[in-house]
Amino acid sequence: MTRHNGKFVAYYRVSTGKQGKSGLGIDAQRAAVAAYLNGGSWSIVAEFTEIESGKRSDRLELDKALAAARLHRAALVVSKVDRLTRSVAFLSKLLEAGVDVRFADLPAIEGATGRFLLQQMVAVAELEAGMISARTKAALAAAKRRGKKLGGNRGVVPGAKMHAASRKALHERSVARAADIAPVIRELQASGKTSLRAIASGLNEAGIPTSRGTGQWSAVQVSRVLERLA
């Protein structure tokens, strides 16, 4: 049995307000998620329950769940694929959210094949890209076995445009990460933790990973996040 480790954010959905109030369906979804995660060292850091129609793609609780998953650097786990939607466009949007998504009824959802199952027919191009990548890796491995030297300088020198594009991408990632952390910082400030050191301590106590994902929060790091939010 696969052992699941790390942090997870659980997302549950029911179709009507009546089901949401009664808990009908939620218990079964929780049980499915627990059964899927059972056997490893894991923790559910947050749970979100959506009470809405499966035909809608603008689900507020799902947006919150994705934000929480990014914040905690956790995977989003759902009991069944159809608990989200059968909309190809929506599943594509979900996979582009920058979050590792797991489904309890698809335990082996990873790699090009897993993404193909989620995006259905629209993912044909992505599946082909994954297969091309696999063939390329196999060809490189074969070349290496034949003794051919791989890697090294091939004469490509990064120019100003490449450096600018790299800086832009890094800046966009930093701003996006700051936006994910912003609600937690506001809560800490509202609770009276207004100094940079106090906010850093609060983030560490809450188990929020740093922007780099390693180490502990410091006053300097908090200052940088606040600058990006200004």
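What's counted below: heavy atoms across the whole structure, side chains too, no hydrogens, waters or symmetry copies. FYI, the numbering just counts along the sequence from 1.
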Enumerate the side chain to side chain donor-acceptor pair (under 3.5 Å) contacts for residues 164-186, please, sequence neighbours excluded, ordered by first and then second residue. Arg70-Asp180

Give the intermediate values and the outcome of side-chain contact (heavy atoms from CB on, under 4.5 Å) for residues His72 and Ile208. CA-CA 5 Å; His72 292 278; Ile208 306 301; 3.4 Å; yes

Arg73 versus Arg212, closest heavy-atom pair with distance: NH1-C, 4.1 Å

In sequence, state the C-alpha distance, the side-chain angles, and the governing distance for Leu203 and Ile181, and then conclude on side-chain contact (heavy atoms from CB on, under 4.5 Å). CA-CA 9 Å; Leu203 290 171; Ile181 299 171; 4.1 Å; yes

For Leu229 versus Ala182, what's the shortest heavy-atom pair and its separation? CD1-CB, 3.7 Å

Could Glu61 and Lys64 be called an ion pair, given the rule that one side-chain N must be under 4.0 Å from one carboxylate O? yes

Less than 4.5 Å apart, side chain to side chain, heavy atoms only: is that true for Val33 and Ile44? yes

What one should report as the nearest heavy-atom pair of Ala68 and Ala46 is CB-CB, 4.5 Å

Minimum heavy-atom distance between Ala104 and Ser79, given as atom pair plus value: CB-O, 3.3 Å

With rounding to the nearest 0.5 Å, note down the distance linking CG in Leu196 to OG in Ser201. 12.5 Å

Look at the side chain of Trp42 and the backbone N and O of Lys7, then say whether any donor-acceptor pair between them is shorter than 3.5 Å. no

Less than 4.5 Å apart, any side-chain heavy atom of Gln221 and any of Val225? no

Can you tell me how far apart CD1 (Ile185) and OG1 (Thr194) are? Round to the nearest 0.5 Å. 12.5 Å

Under 3.5 Å, side chain of Asn38 to main-chain N/O of Ala34, donor-acceptor pair present? no

I would like to know whether Val77 and Tyr36 meet side-chain contact (heavy atoms from CB on, under 4.5 Å); could you show each step before the answer? CA-CA 9 Å; Val77 60; Tyr36 169 75; 3.8 Å; yes

Ile199 side chain near Gln189 side chain, heavy-atom distance below 4.5 Å: yes

Counting N and O atoms only, with roles assigned by atom type, does the side chain of Trp217 sit under 3.5 Å from a partner on the main chain of Arg197, one being a donor and the other an acceptor? no

First locate atom OH of Tyr12, then atom CD1 of Ile51, and finally report the distance between them rounded to the nearest 0.5 Å. 14.0 Å

Shortest non-hydrogen pair, Pro209 vs Leu71, comes out as CD-O, 3.3 Å

Assess, by modelled atom type and distance only, whether the side chains of Glu50 and Tyr11 contain a donor and an acceptor separated by less than 3.5 Å. yes

Please report the closest heavy-atom contact between Ala65 and Val9, naming both atoms and the distance. O-CG1, 3.8 Å

To the nearest 0.5 Å, what is the distance between CZ on Arg224 and OG1 on Thr210? 11.0 Å

Are Phe48 and Val184 connected, step by step, through hydrophobic side chains (Ile, Leu, Val, Met, Phe, Trp, Tyr) whose heavy atoms are closer than 4.5 Å? no

